[in-house]
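Every chain is numbered from 1, with letters handed out A, B, ... down the list of sequences.
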Protein chains: 2
Amino acid sequence: MVTMRDVARRADVSIATVSFTVNNSKTVSPATRARVEQAMEELGFRRNMVARALASRRTRVIALLYPALQQRLSGTAVKFFTSAAKTAGDLGYTLVLWPVSNDAEQVTQLTSGGLVDGVLLMQVQLDDPRVDRLVETGTPFAMIGRTRDPSGLTFVDIDSENTTVAALDYLTGLGHRRIALLTSDGDSAVPHFGPTERTRATYLVEMGRRGLDPVMLECGETPQAGRLAADELYARAPETTAVMVLNENAAFGLLNGLRHLGVSVPGDMSILSVGSSPDIAAIADPALTLMVSPADELGRMGVEALVDRLEGREERGNHTLVMCAFHEGSSTAPPRR
Amino acid sequence: MVTMRDVARRADVSIATVSFTVNNSKTVSPATRARVEQAMEELGFRRNMVARALASRRTRVIALLYPALQQRLSGTAVKFFTSAAKTAGDLGYTLVLWPVSNDAEQVTQLTSGGLVDGVLLMQVQLDDPRVDRLVETGTPFAMIGRTRDPSGLTFVDIDSENTTVAALDYLTGLGHRRIALLTSDGDSAVPHFGPTERTRATYLVEMGRRGLDPVMLECGETPQAGRLAADELYARAPETTAVMVLNENAAFGLLNGLRHLGVSVPGDMSILSVGSSPDIAAIADPALTLMVSPADELGRMGVEALVDRLEGREERGNHTLVMCAFHEGSSTAPPRR
DNA sequence: TTGTACGCGTTATCAG
DNA sequence: CTGATAACGCGTACAA
């Protein structure tokens, strides 16, 4: 291995000078810089990130913690990851997906080990054991999503309230009055998932405000469960003309279940899938109309907020909300007269 | 931060003794061990992984490189990741998903920086620039998939040949004689993807051996492309009664396209999807009959092979092939008379 | 069984 | 603008 010492000797300068030129941490005379760079070139020098980390007390690595790895990574999650990784790279960091459960002990071990400078938390629950632990150990972190009381913490999250309002505006704008809501149930990968609870609450309020009757269904996050939900919907509320779905996998099952019931989409029933991603919604037939999860923005802003904290540019408590964006598909239409 | 020195002082032993007890690297008298452990407990000592890595020249971190992150992570890839991570954990390593493109330079920077001990390569192309680079820099690595000439390299891969034979055996066993093959085209995320090319070659040989006429289609990895493939299939070979698909996303489009053509599945046409995962195939209606990618095994064996190399237990050149397993669905049936 | 002393490759401090 | 020199926290021969 070629060390800085080798380079220094070859360029006939001190180790410190080599460090300065490599890191641009101090001004170096052009002549000296040239000599050093030539020496590095000739020797094939590559700096040792571990030594660098030990000396500077930072690895420039950020860990993305995604607990729900037992299932497939949704298109949304991947988009998020990709965007976050790119942003991190632009800011001089490396972001890696670190597979830990939401066991607090594992999280502690990771962060206090010094291998990562900070942590980005995905799939945050309303009461998340990881968060308490991170606060305790003083690890810099930012959340995608938020706990029940996120004051003093840094997070970016989906603006479920306004997204729900927009979704209902869209459906009522088409003329629908019988609008049901299908979400995940308590057995989902992330129990007490903020967006689910906030969407349900907002849905109730908004339906009431519009003088409409709410119909709320919930089911597991599988196509099979979605299919059963179709049956349940027809048993409980056969008059329904539109369903707002916050459960990507179930949306497919719902669609198939309706077809088997002889219900045409969007002729007899409109379906609006909230929080999914276009590429996966395209699998459905007809292609689903969506409120697209702002994965790119969330990833970018999450990393930016975290790096701000890492570099001391910000006190704690940066909060940002982003709405889902409407994406036209073929699963919605005005209700039949 | 609590260092070993602090612990040593508190327990009134030397730093070395603390290290021995922590790592079980030398026998320590029970009395001393107790004192040290108590001191660690009281001080809340957590060892610094970076310093440990610098001194021991190993981080015990393995990077999983997955280049095709521009799109969604298939269920197969996630299963693979999960299984690999678990295996690594059992062996005393941490496996992280490191988002690098398949740019060779980035790979070099990562591995020569010393932050990871070894690399697991996914989505290996038949001619993969990353592989040459890793060989050059002497980085320990193992591949999931293989290059055109993998002699001397360590890999685990899908046994495409035997899987294809099994798939054709199954379909001919049902009575099908007109069997088409739909794969990805050259514009896919991973060009010159080994399984695709090997499956196509084997398909040709096997169809010939059975005295059947081959029909090969290829299309992009999207539902839309799969839909067009349905049209093409009916234009080119309307007599076809079964399709073997090696293109998960297109399989959905194919299914929908056929329905719109008035072709019932599996009544008029059987579909067998090779190399996908059950959870995602369940989205389809009818649920797809599969040859399931052995993601768990591949992940486990890949990590095991890599760790063997990392710990010098093995020379280079461990090769392992695993077949896809049959998984009953509702998209296949005997052909109509 | 325990302790000493040095090495790992870089960064930070402070003096020139 | 440049260069010694001391950390940084831990692993490990080697000595006791």
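For the side chain to side chain contact (heavy atoms under 4.5 Å, CB included) criterion with A:V156, the lone passing option out of A:V322, A:I144, A:N318 is A:I144. Only one option out of A:V36, A:T17, A:V18 pairs with A:M4 in a side chain to side chain contact (heavy atoms under 4.5 Å, CB included); it is A:V18.
Residues from residues 4-15 of chain B with heavy atoms under 4.0 angstrom of DNA chain D, sorted by number: B:M4. Residues of residues 38-58 of chain B that place a heavy atom closer than 4.0 Å to DNA chain C, in numerical order, are B:L54, B:A55, B:R57. Less than 4.0 Å separates DNA chain C from at least one heavy atom of each of the following residues of residues 21-35 of chain A: A:N23, A:K26.
At least one side-chain heavy atom of B:T147 sits less than 4.5 Å from a side-chain heavy atom of B:L153. Proximity of B:Y93 to B:V61: side-chain heavy atoms (C-beta onward) are nowhere separated by under 4.5 Å.
Taking a cutoff of 4.0 Å between a charged side-chain nitrogen and a carboxylate oxygen, B:D6 and B:R10 do not qualify as a salt bridge.
Under the ring pair (Phe, Tyr, Trp, His ring centres under 6.0 Å) criterion, A:F155 pairs with A:H319, not counting sequence neighbours. Every residue meeting the salt bridge (charged side-chain N to carboxylate O under 4.0 Å, His left out) condition with A:R148, not counting sequence neighbours, appears here in chain and number order: A:D127.
For the pair A:D128 (side chain) and A:Q125 (backbone), a donor-acceptor distance under 3.5 Å is present. No side-chain donor-acceptor contact under 3.5 Å links A:T32 to the backbone of A:V28.
Under the 3.5 Å distance criterion, with hydrogens and angles disregarded, a donor-acceptor pair is assigned to the side chains of B:R47 and B:N23.
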I would like to know whether A:K86 and A:D90 meet salt bridge (Lys or Arg N to Asp or Glu O under 4.0 Å); could you show each step before the answer? CA-CA 6 Å; A:K86 186 188 175 320; A:D90 293 344; 2.8 Å; yes

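If you walk DNA chain D from 5' to 3' and mark each nucleotide with an atom closer than 4.0 Å to a heavy atom of chain B, the marks span D:dG9 to D:dC14.
B:S19 comes within 4.0 angstrom of a nucleotide base, judged by non-hydrogen atoms across all strands.
For the atom pair B:L298 CG and B:D157 CG, the distance stands at 7.5 Å (nearest 0.5 Å).
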